[in-house]
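See below for the structure under consideration.
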Amino acid sequence: MAFYKYLFFVSLIFSSVFVNMSQQACTPQAFNQKTFAACHNLPILNSTIHWNYYPSKGTVDVAFAQAVVSDSRWVAWAINPTSTGMVGSQAIVAFKRTDGAISVYSSPIKSYRTRLEQGNLSFPLFDVSAVYRNNQIVIFATVGLPNNVSIVNHVWQQGPLSGNTPQMHSVSGPNVLSFGTLDFLSGKVETVRRGTSTVFRVKISHGIINTISWGILMPVGAIVARHFKAADPAWFHVHRACQMLGYFGGVAGFATGLWLGHKSSGVEYKGHRCIGITLISLATLQVLVALGLRPNKTDKKRVFWNWFHYLIGYATIILGIVNILKGFDMLQPGKWWKFSYLITIGVLGCVAAVLEARAWFLVLIRKTDHAAEQNKDDTSVV
């Protein structure tokens, strides 16, 4: 048994090394009659970076190659001298025009709403050109490295075209992971891991909190209130606990959503945001009405309060589930997460349906028994 454990451990090591090498292995190539001494396969967006570094001059010759699925795509490679990520990046953009010519130019990225307008970069740039071949765009340039440093933050990207105008790239999946550090001297290339980003961690927290609050606790509380009133007053305490925990969790999720919106200026999910605002408004109204305006059970106005409570409650649950599914599509955490939630809400839906059928069945039985007793009484009177 020990031998098999050892063999399994060794196989894991070799497989991880093989995967790592297969992801980073790169053969330097000659482009435009120039041979590049170093290169690295970037793990995202089918991209490769080739370079020749000249420490004495503080410059680097770069060839950035990226595969594109169609002619109507733009590609870009950038250095960010001030931070990681997109804003502040000094980019070189290239794409194939509708007339077949290659357009290549520099573009400083000042905001998330950029249209990749042409402009001068904050560091020297020489001999900029690009070619399109074999469904691949290759950008060439000589870069004067900022402050003569060999380690830079770099970003690479790809997006759609509308005619000859670059359009906004996707704000999920690989397109938000394509940045890292590049050491032209040692050849070390590191991609910033998704899980190390503060914004990404907050996104995960935002998704988990809202899924549990709006998507699980709220439906469970509604099911308890609808079908377990025979267990009085325990049902009320469970219902109230679920709804209040769901509400306060929703408030926390709403707060993290506001923070994410502030940190992602220019990246908007209007539908998700509008539903979120509607959810927190309806839930707050529900709490205020439940705490301050609930009539006694004997009050004739109680029936109107009940209808209001039901309508707002079920609307909140439906909107919450819809917004959670929209959030999964935006964050793209992996199919298993969305599938797990769909199973969970599906089970809750099935439980609610079975309990509802049981309730109507019992009502039918009571009506039948009552009708039978009425007939019996009528017969006895005769």
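As the structure is a prediction and not an experimental result, all values here were calculated from the model.
A side-chain contact (heavy atoms from CB on, under 4.5 Å) with F123 holds for exactly one of N147, L145, I79; it is I79. With V152 as reference, L182 is the one residue of T181, L182, D183 to meet the side-chain contact (heavy atoms from CB on, under 4.5 Å) rule. Looking at S122, S107, S106 one by one, the single match for side-chain contact (heavy atoms from CB on, under 4.5 Å) with Q90 turns out to be S122.
Here the straight-line distance linking atom CG of L311 with atom CG of N306 works out to 11.0 Å at 0.5 Å rounding. Considering CD1 of I321 and OG1 of T211, their distance stands at 11.0 Å, rounded to 0.5 Å. Atom-to-atom distance recorded for R240:CZ and W235:CH2 is 10.0 Å, nearest 0.5 angstrom. Here the straight-line distance linking atom CG of D299 with atom CZ of F304 works out to 10.5 Å at 0.5 Å rounding. Atom NZ of K188 and atom OG of S150 lie 12.0 Å apart (nearest 0.5 Å). Here the NZ atom belonging to K96 is positioned 15.0 Å from the CZ atom belonging to R73, to the nearest 0.5 angstrom.
Contact of the L185 side chain with the Y53 side chain is registered, since non-hydrogen atoms from C-beta on lie closer than 4.5 Å. Residues I49 and V62 form a side-chain contact, since some pair of their non-hydrogen atoms from C-beta on lies under 4.5 Å apart. No side-chain heavy atom of Q136 sits under 4.5 Å from any side-chain heavy atom of Q66. Side-chain contact between R226 and E356: present, with at least one pair of heavy atoms (C-beta onward) separated by less than 4.5 Å. Side-chain contact between F64 and W51: absent, with no pair of heavy atoms (C-beta onward) separated by less than 4.5 Å. Under the 4.5 Å side-chain criterion, counting only non-hydrogen atoms from C-beta, F36 is in contact with D61. Residues F179 and M86 are not in side-chain contact: their nearest non-hydrogen atoms beyond the backbone lie 4.5 Å or more apart.
Under 3.5 Å, the side chains of N175 and Q158 contain no donor-acceptor pair of N or O atoms. Counting only N and O atoms by type, the side chains of Q286 and H309 include a donor and acceptor under 3.5 Å apart. Counting only N and O atoms by type, the side chains of N80 and T82 include a donor and acceptor under 3.5 Å apart.
Hydrophobic clustering of Ile, Leu, Val, Met, Phe, Trp and Tyr side chains at less than 4.5 Å, counting indirect connections, keeps Y54 apart from F184. V303 and I312 sit in two unconnected hydrophobic clusters of ILVMFWY residues. Membership requires side-chain heavy atoms under 4.5 Å apart, directly or through other members. Tracing side-chain contacts under 4.5 Å through hydrophobic residues (I, L, V, M, F, W, Y), one never reaches I151 starting from W77; they form parts of separate clusters. Hydrophobic clustering keeps I209 apart from F248 (ILVMFWY residues linked when any side-chain heavy atoms are closer than 4.5 Å, directly or through intermediates). Under a hydrophobic-cluster definition in which Ile, Leu, Val, Met, Phe, Trp and Tyr are linked whenever side-chain heavy atoms come within less than 4.5 Å, directly or via other members, L161 and V93 are assigned to the same cluster.
Contact between L279 and T316 at its shortest, heavy atoms only, is CD2-O, 3.2 Å. Residue N210 comes nearest to F254 through the heavy atom pair OD1-N, 4.4 Å, listed as atom of the first residue, atom of the second, then distance. Of all the heavy atoms in H206 and T256, the pair that sits closest is ND1-OG1, 2.8 Å.
Under the 3.5 Å distance criterion, the side-chain polar atoms of W156 are matched with a main-chain donor or acceptor of I44. Of the possible donor and acceptor atoms, none in the side chain of N164 sits under 3.5 Å from a partner among the backbone N and O of R97. Between the side chain of R302 and the backbone N or O of P295, at least one donor-acceptor pair lies under 3.5 Å.
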Next item on the list: Might you work through the side-chain contact (heavy atoms from CB on, under 4.5 Å) test for V104 and I92, ending with a clear yes or no?
Entry: CA-CA 7 Å; V104 57; I92 309 171; 3.9 Å; yes

Notebook entry, point to check: Going through the checks in order, is the side-chain contact (heavy atoms from CB on, under 4.5 Å) test met by V68 and Y132?
Noted result: CA-CA 10 Å; V68 290; Y132 181 93; 3.8 Å; yes

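The aromatic rings of Y341 and F328 are tilted relative to each other, their planes meeting at an angle between 30° and 60°.
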